[in-house]
Amino acid sequence: MKTIENISRMSTFVKMMKKEGKSIGLVPTMGYLHEGHLSLVKAAKKHTDVVVMSIFINPLQFAPHEDLEKYPRDLKHDEEMARTAGVDVVFYPSLKDMYPEGYATYVTVEKLTDNLCGESRTGHFRGVTTVVIKLFNIVKPDVAYFGQKDMQQALTVKKMASDLNMGIEVKMMPVVREKDGLAMSSRNMYLNDAERKDAAVLHQSLKNAETLIKNGERDAGKVMKAVEEMIRSKQSARIEYVKLVDARELKDVKMITGEIALSVAVFFGKTRLIDNTTITVR
Ligand code: PAF
């Protein structure tokens, strides 16, 4: 496995691979890898010849009060995990290389980023799409892989790639969960024991909502209320949002029909976690 820390060296490597007719799969990450990231690598290995994993903690997507400073970092461990998973190149650009002094170009996807996390995390998706388009331009992947835990992010990147005719396939892969159902996230490490136990309620409440809908409930308000009640029963939980939206445009729905997504953002103590499930009702 190669580690490349420099954009121009990455571009040279990409040119070489393209010349050899190799397809490139990109797994963009902010490091502190877990099984969720590795599932993306596994998918990339299946569909593409060369798997590049980027590790870059992107300051643009953090608001000033968020966790940029304390975001977990462990490059040695990440490299070990990436190597074992069969990553070909870890791309680890520096902040100065990505955003040199005078940097002034940003990419925004409208509408899809208005609701859900876009409502409270002002500027977050602008930061994500800006760094992702830079990674796309540097690595020139044929396919890029994102996890469904960050569904709004994956859909937003997909929309950007399509609107800007980038010729890159953006794949959204299923959420990978711990034994008790908690979605894997680098931020889970912030939780203390009590918060970690409480956090399992996210998946439980989504499953309970799925059952309600399967049993015929079509009133979005009632389903959201049931989810909120379950989450509120946990002492350390503070709900930011529980929303039922249509799964394509992420607009709120009142009645449950077609393809919908139930999406939640909840603080456990100081740690904000998100999760979601998509449901199709015919
Ligand atoms: O999901 C993440 O880890 C980040 O938002 C991403 C896609 C790597 C962009 O910084």
Side-chain angles (χ1 to χ4, degrees), residues 4 7 10 24-41 43-44 51-63 66-75 77-78 81-82 85 87 89-95 97-99 103 105-109 112-113 116-118 120-139 141 143-161 164 166 168-176 183-190 263 265 271-276:
I4 300 181
I7 292 177
M10 189 69 228
I24 298 179
L26 173 65
V27 178
T29 82
M30 298 204 297
Y32 213 72
L33 302 180
H34 51 67
E35 289 298 323
H37 296 114
L38 301 189
S39 76
L40 305 181
V41 171
V51 178
V52 177
M53 171 186 277
S54 60
I55 299 182
F56 178 68
I57 301 180
N58 173 36
L60 271 191
Q61 67 190 75
F62 291 80
E66 291 182 345
D67 57 341
L68 173 63
E69 292 310 321
K70 66 167 188 171
Y71 197 85
R73 294 155 165 88
D74 191 345
L75 187 61
H77 187 240
D78 286 348
M81 281 184 85
V87 168
V89 179
V90 169
F91 177 45
Y92 183 57
S94 71
L95 189 57
D97 222 6
M98 287 295 273
Y99 302 120
Y103 186 87
T105 305
Y106 302 89
V107 177
T108 306
V109 173
L112 261 181
T113 58
L116 306 176
C117 295
S120 60
R121 300 191 74 189
T122 314
H124 168 69
F125 288 112
R126 173 182 182 258
V128 169
T129 40
T130 298
V131 79
V132 169
I133 203 167
K134 284 176 70 73
L135 293 168
F136 281 3
N137 285 335
I138 298 162
V139 176
V143 193
Y145 296 84
F146 294 81
Q148 195 193 317
K149 180 180 72 66
D150 298 287
M151 176 191 60
Q152 190 172 17
Q153 164 173 283
L155 294 180
T156 300
V157 169
K158 213 182 204 357
K159 181 78 176 134
M160 173 184 79
L164 298 181
M166 299 189 76
I168 296 169
E169 188 182 353
V170 175
K171 282 199 191 257
M172 182 165 75
M173 307 307 292
V175 182
V176 179
M184 291 205 182
S185 162
S186 307
R187 289 186 167 101
N188 291 349
M189 62 83 72
Y190 297 145
S263 193
T271 304
R272 181 180 181 277
L273 299 181
I274 56 174
D275 203 346
N276 68 80

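Order of appearance sets the numbers: ligands from 1, and atoms from 1 within every ligand.
Although no hydrogens or angles enter the test, the distance criterion places a donor-acceptor pair under 3.5 Å between the side chain of Asn276 and the main chain of Lys149. The closest donor-acceptor contact from the side chain of Lys134 to the backbone of Met98 lies under 3.5 Å.
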Practice item. Evaluate the side-chain contact (heavy atoms from CB on, under 4.5 Å) criterion for residues Val131 and Gln61: first the C-alpha distance (whole Å), next the side-chain angles of each, then the deciding distance (0.1 Å), finally the verdict. Key: CA-CA 9 Å; Val131 79; Gln61 67 190 75; 4.1 Å; yes

**OP:** Apply salt bridge (Lys or Arg N to Asp or Glu O under 4.0 Å) to the pair Asp67 and Arg187, showing each step before the final yes or no.
**Re:** CA-CA 9 Å; Asp67 57 341; Arg187 289 186 167 101; 2.8 Å; yes

Practice prompt. Mind running side-chain hydrogen bond (donor to acceptor under 3.5 Å, both in side chains) on Tyr99 and Asn58 for me, showing each step along the way?
Written response: CA-CA 10 Å; Tyr99 302 120; Asn58 173 36; 2.6 Å; yes

Which side-chain N or O atoms in residues 68-75 pair as donor and acceptor under 3.5 Å with protein atoms at least two apart or in another chain?
{"unit_1": "Arg73", "atom_1": "NH1", "unit_2": "Leu68", "atom_2": "O", "d": "3.3"}
{"unit_1": "Arg73", "atom_1": "NH1", "unit_2": "Glu69", "atom_2": "O", "d": "3.3"}
{"unit_1": "Arg73", "atom_1": "NH1", "unit_2": "Tyr71", "atom_2": "O", "d": "2.7"}
{"unit_1": "Arg73", "atom_1": "NH2", "unit_2": "Leu68", "atom_2": "O", "d": "3.4"}
{"unit_1": "Asp74", "atom_1": "OD1", "unit_2": "His77", "atom_2": "N", "d": "3.2"}

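Ligand 1 lies under 4.0 Å from heavy atoms of Pro28, Thr29, Met30, Asn58, Gln61, Val131, Phe146, Gln153.
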